[in-house]
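Here is the structure we will look at.
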Number of protein chains: 2
Amino acid sequence: MRTKDKAKIQALIKTRKAQILDAAMLVFSRDGFNKASTDEIANVAKLGKGTVYRYFKDKKELFIATVDRGLDRLKDSILAKVDGIDDPLERIEAGSKAYLTFFGKNPALIDMMIHEQSEFKERIKKQYFEHYYGSIDRMRRIFRKGITGGLIKNVDVDTAISILTNILNGQIYMWRVEGKKGFPEDKISVILKIFFTGVIKDEKRRQKYE
Amino acid sequence: MRTKDKAKIQALIKTRKAQILDAAMLVFSRDGFNKASTDEIANVAKLGKGTVYRYFKDKKELFIATVDRGLDRLKDSILAKVDGIDDPLERIEAGSKAYLTFFGKNPALIDMMIHEQSEFKERIKKQYFEHYYGSIDRMRRIFRKGITGGLIKNVDVDTAISILTNILNGQIYMWRVEGKKGFPEDKISVILKIFFTGVIKDEKRRQKYE
DNA sequence: TTTAATTGACGGACTGGCCAGTCAGTATAA
DNA sequence: TTATACTGACTGGCCAGTCCGTCAATTAAA
């Protein structure tokens, strides 16, 4: 094999990693980090356990890599749907819908994230907000553009962003708990109606909070 | 001992359970269900491991009891703050604030709930929505009252409730991740401003979503 | 009242099972 | 023949739950 076919070697590594990550996603999302066994992951991947440890240093690294691959796909998927939309409100709408749609198609990632929260507090502490989705800055820009353009109220941008993502995460989580009926994106219109315009109808009362 | 001192026996049971639950809260919230060892819980409680198993069937039952005690206290705490407030909007405001304040004082419960999500999917599936906080019905009534009274828009009540609780849960979670700076209830005014009146400023755009 | 018997709370050493990670040996491809 | 991808039996450590001995408190007997 020598120095010969570097491309082939890279291709093999890629195949094996993908094979293992697919299996890991299945087993980890179902059983959680602790109860999942590397033996089963190896079996599902149709590889020996030693091979798994050839491509991933330990169980923790494998878990993290599994989550990361999911989040990368999420980010790509949203960017693709949002690309080219300039109007802030429309972009928020499209992004939110893409977010829900992605999880509707990839429910295992929901469980992975729940398990990650429970097991890897420290990692999340360091990475979540600035780096996790690699999207915070982009969202800040959208919101600021909306504010300077007079579309959006002059609220604290980070809080507004966190509120929107919390609503979306919560909806995804509830969709999972309730047995994955329908599609999570079905509720997008109610969600955005509330996030964009609030629940209060009465004008006088509304002004008290504006 | 005979039929004599039933009260004393009950008192002992109560003391021991409280002792164990306090220790369990500390250890479980810090280490999660799997990594926490019953040996350490026993040590922290200053009891032998055998004694822990005298009062709780197994590790799982102990964990659940720990969460349940926390949730009962949460419910009591909110009800006390909300009692006597008739106006729906004011009641939502007071309840939301009480919710955040409680977790600000009891951050260990946040971690317990995160670990519970990760470990006991089935329990949550069955209990969360109708029974978990024992509060869903109460909240439904408040929102319906607001709608019939013309204060609140005629949105789907359950979705509106889930959005509000998701926002609050998310804020608590972020407060934890960000290192518990300040108090989680500090952001209550921005949260309610958005939940009550939305983020859109521009009237024309607003009408598109109403 | 004193002493003996009984009860049951308590402790913690022990066991059986599980599993992450290793490593010596095998298969395969160059 | 050689290099390396692969395998899975094995090991060492961990820990939930058990179980029996201990001891303090209570009751019965003397």
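We name chains A, B, ... by the order of the sequence lines, and we start the count at 1 in each one.
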Rounded to the nearest Å, what distance is computed from the [atom1] atom of residue [X] to the [atom2] atom of nucleotide [N]?
X: R16(B); N: dG8(C); atom1: CZ; atom2: P; value: 17 Å
X: K17(A); N: dA5(D); atom1: NZ; atom2: P; value: 13 Å
X: K8(A); N: dT28(C); atom1: NZ; atom2: C1'; value: 13 Å
X: Y53(A); N: dC23(C); atom1: OH; atom2: C1'; value: 14 Å
X: I9(B); N: dA25(D); atom1: CD1; atom2: C1'; value: 12 Å

Stem segments of DNA chain C by first residue number [Watson-Crick or G-U, under 3.5 Å, at least 3]: C:1-30 with D:1-30
Under 4.0 Å between a side-chain N or O of Y55(A) and OP1 or OP2 of dA5(D)? no
Where along residues 18-29 of chain A does a heavy atom come under 4.0 Å from DNA chain D, residue by residue in number order? none
Give the ring-plane orientation class for F28(A) versus F33(A), where under 30° counts as parallel, over 60° as perpendicular and anything between as tilted. parallel
Of the listed dG17(D), dA16(D), dA20(C), the closest approach to the T38(B) side chain comes from dA16(D)
Testing dC10(C), dA20(C), dA16(D) for proximity to the side chain of S37(A), the answer is dA20(C)
Taking the six-membered ring of Y99(B) as reference, does the NZ or CZ atom of K81(B) fall below 6.0 Å from its centre and within a 45° cone about the axis? no
Check R30(B), K35(B), K49(B) against E40(B) for a side-chain hydrogen bond (donor to acceptor under 3.5 Å, both in side chains) and give me the one that passes. R30(B)
Can you pull every protein N or O that's under 3.5 Å from an N or O on nucleotides 7-11 of chain D?
residue: dT7(D); atom: OP2; partner: G48(A); partner atom: N; Å: 2.6
residue: dT7(D); atom: OP2; partner: T51(A); partner atom: OG1; Å: 2.7
residue: dG8(D); atom: N7; partner: G50(A); partner atom: N; Å: 3.4
residue: dG8(D); atom: O6; partner: G50(A); partner atom: N; Å: 3.3

